Amino acid sequence: MLTLQQIKENKESVINLLKKRNYDFSEQIEKVIETDDIRKSTQTDLDNCLAESKLIAKEIGTLYRNGKHTEAITVKKKALEIKEKIKPLSNELKEVKIKLIKLLTNIPNIPHSSVPSGKLEKDNELIRTAGVKQEFNFKSLPHWELAKRFNIIDFGLGNKITGAGFPVYKGKGAKLQRALINFFLCEAEKQGYEEIMPPLLINEESGFGTGQLPDKEGQMYKIINENLYLIPTAEVPVTNLYRNTILKQEDLPIKMTAYSSCFRREAGSYGKEVRGLNRLHQFDKVEIVQITEPEKSYETLEKMVDYVESLLKKLELHYRIVKLCGGDLGFTSALTYDFEVYSAGQKKWLEVSSVSNFETFQTNRLKLRYRKKGEKRTRQAHTLNGSALALPRIVAALIENNQTKTGIKIPKALVEFTNFDFI
RNA sequence: GGAGAGAUGGCAGAGUGGUCGAAUGCGGUGGUCUUGAAAACCAUUGUACCGAAAGGUACCGGGGGUUCGAAUCCCUCUUUCUCCGCCA
């Protein structure tokens, strides 16, 4: 959610930058400003009425204490008159506030000035490609066939137990999952991220705080009788740890990492895009989250990109990094780098990580602020997060790229975690 | 799941209808004293909104209600603790 301050102080540049999303928000922005003006004047009116009624109430109190009952009754009439003004005003204020929030929550984050313009995936800016593309001197297979042949992932059993998109990992397949989680967590810890193990269910406030609600309600699984949601990413509970918080400047940056299962309805997905591990309803991911001072968030973003890249290097994957164009940029993000790995069996690029700076978009909703030393005022912090990494597509690429005629090789960096080097 | 008792500022803890945005203690910050520190003493110390400022308003777990007036009374939800039951 954008702040009113952002909108009012830089109206033109906000509108212009939002145009990168291929949509003109000037009407909404004007509406926000207009609504906020109504809010202000309504509040001023209400505050004045409340001040008056408070004064009268005190007067009545004094009269009663002095035994002047008849006079008190006269003044009461005056109080009732004001009360009649207060009620509609406070209703009005409540409504205009709701309207304002509604307007604000429908405006996406302002893209960073470096976000490339464009509408589609093809318009994303390629930052770099690295690693070696795997070539085979035999007929290579996609991961779902390899998984079946070596009995490490059973998609059919998942269908039986739950439904499509809930695979069952078996034997070395299950161990590979565990090893990857452990590897990612250990690497994050080396970088100074504190490990968090969060709840997998979140309430509505948390969903609102990081921007999943109300925007992406349909993408989350909801526990109806408890009014809770299954997390689509650990970003939600972990970032919400600091909801409604005022930090000290010296507490920043806050660096957290969390492994969690993630649950996504993926409504609208279909066809070969969802084949095998390419798109699942339940998957595992290690997430990294940072809370920083505004001045340092872009420097931090680059460091996070470098970190995620280091993981892909250690896993010896062929990857590329793209900066998302305005049309591809998520609703809550100001700048996002996507990581894609080449999966040599399917012969296609798979998105394995998204690293984003949300600037104050989340912290405004979260009421996550910090205070500089010696200052009384609070400022909004910046939040950033990234996958480091999501497992399924990494697994897909690993087993496709490292396939041999007789089995699958495990990259060196993982062997100490799997305790085997071949499947 | 059943029964009961709670939820007040960073923490502890008073306050049961009016001058309470809230005593007191601890903690924090600034200062006096000191070679320095400690102790002692003095001052200060919640968040947000409106306002150029003076000042005003809201907030005592959340929401609603009664009343001229609610931290205080009523309803409801959430949550914590104790006991019983169940249980990895």
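Letters go in sequence order (proteins before strands), and every chain restarts at 1. If you're wondering where the values come from, they're calculated on a predicted model, not measured in any experiment.
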Report summary line: As its Watson-Crick or G-U partner within any shown strand, both distances under 3.5 Å, rA3(B) has rU82(B)

Query raised in the report: Would you call Arg393(A) and Glu340(A) a salt bridge, taking side-chain N to carboxylate O under 4.0 Å as the test?
Result: no

Query raised in the report: With a 4.0 Å cut-off on heavy atoms, is Thr378(A) in touch with a base, just the backbone sugar-phosphate, or nothing at all?
Result: sugar-phosphate

Query - rC26(B) to rA14(B) separation - C1' atoms, rounded to the nearest Å - result: 15 Å

Report task. For rC33(B), give its Watson-Crick or G-U wobble partner with both distances under 3.5 Å, or none. Result -> none

Query raised in the report: Under 30°, 30 to 60°, or over 60°: which ring-plane class applies to Tyr64(A) and His69(A), parallel, tilted or perpendicular?
Result: perpendicular

Requested in this report: Tell which nucleotide pairs with rG61(B), taking only Watson-Crick or G-U wobble pairs whose two distances are both under 3.5 angstrom.
Outcome: rC77(B)

Query - Whole-angstrom distance between rG4(B) and rU8(B), as gauged at atom P - result: 22 Å

Report task. State plainly whether the residues Lys285(A) and Glu287(A) are in salt-bridge range, i.e. N to O under 4.0 Å. Result -> yes

Query raised in the report: What is the base-pairing partner of rU44(B), counting Watson-Crick and G-U wobble geometry with both distances under 3.5 Å?
Result: rG28(B)

Report task. May I ask you to say what Ala57(A) touches in the nucleic acid, namely base, sugar-phosphate or nothing, with a heavy-atom cut-off under 4.0 Å? Result -> base

Query raised in the report: Which word best sums up how the rings of Tyr298(A) and His112(A) line up, parallel for under 30°, tilted for 30 to 60°, or perpendicular for over 60°?
Result: tilted

**Report entry** Base-pairing mate for rC20(B) - Watson-Crick or G-U, with both contacts under 3.5 Å
**Finding:** none

Query raised in the report: With nearest nucleotides of RNA chain B determined for Leu50(A) and Asp36(A) from heavy-atom distances, which residue corresponds to the more 5′ nucleotide?
Result: Asp36(A)

Query raised in the report: So, are Lys190(A) and Glu187(A) salt-bridged, with charged N and O less than 4.0 Å apart?
Result: yes

Query raised in the report: Can Asp36(A) and Lys8(A) be counted as an ion pair, charged N to O under 4.0 angstrom?
Result: yes

**Report entry** Pairs where residues 77-110 of chain A contributes a residue and the test ring pair (Phe, Tyr, Trp, His ring centres under 6.0 Å) is met, not counting sequence neighbours
**Finding:** none

Report task. Could you measure between the two C1' atoms, the one in rG69(B) and the one in rG17(B), and give it in whole Å? Result -> 8 Å

Report task. Could you work out the separation of rG46(B) and rU29(B) based on their C1' atoms and round it to a whole Å? Result -> 14 Å

Query - Pairing of Glu293(A) and Arg379(A) as salt bridge, 4.0 angstrom limit - result: no

Query raised in the report: Is there a Watson-Crick or G-U wobble partner for rU72(B) with both distances under 3.5 Å, and if so, which one is it?
Result: none

Query raised in the report: Contact class for Arg377(A) (heavy atom, under 4.0 Å): base, sugar-phosphate, or nothing?
Result: nothing

Requested in this report: Please state the C1' separation for the pair rA48(B) and rG21(B) - nearest whole angstrom.
Outcome: 14 Å

Requested in this report: Describe the nucleic acid contact of Lys97(A) in one word from base, sugar-phosphate, nothing, applying a heavy-atom distance below 4.0 Å.
Outcome: nothing

Query raised in the report: When we call it a touch if two heavy atoms are under 4.0 Å apart, what does Ile82(A) touch: a base, just sugar-phosphate, or nothing?
Result: nothing

Query raised in the report: Touch check for Ile60(A), heavy atoms < 4.0 angstrom, all strands: base, sugar-phosphate only, or nothing?
Result: base

Report task. Output all residues satisfying salt bridge (charged side-chain N to carboxylate O under 4.0 Å, His left out) with Glu81(A), sequence neighbours left out; order by chain, then residue number. Result -> none

Requested in this report: Tell me which of Thr44(A) and Ala51(A) sits closer to the 5' end of RNA chain B, going by the nucleotide each one is nearest to.
Outcome: Thr44(A)

Requested in this report: Using chain A heavy atoms and a threshold of under 4.0 Å, write down where along RNA chain B the contacts begin and end, 5' to 3'.
Outcome: rG18(B) to rG69(B)

Query raised in the report: P atom, rG15(B) versus rC20(B): distance in rounded Å?
Result: 16 Å

Query raised in the report: Considering only the C1' atoms, how many Å lie between rU47(B) and rC60(B), rounded to the nearest integer?
Result: 13 Å

Report task. Could you check whether Lys367(A) gets within reach of a base, just the sugar-phosphate, or nothing at all, counting any heavy atom under 4.0 Å? Result -> nothing

Report summary line: If pairing means Watson-Crick or G-U wobble with both distances under 3.5 Å, then the partner of rU67(B) is none

Report task. Determine the Euclidean distance between corresponding C1' atoms of rA70(B) and rC87(B); express it in Å to zero decimal places. Result -> 43 Å

Requested in this report: Return the nucleotide paired to rA38(B): Watson-Crick means purine N1 to pyrimidine N3 with N6-O4 or O6-N4, wobble means G-U with N1-O2 and O6-N3, both under 3.5 Å.
Outcome: none

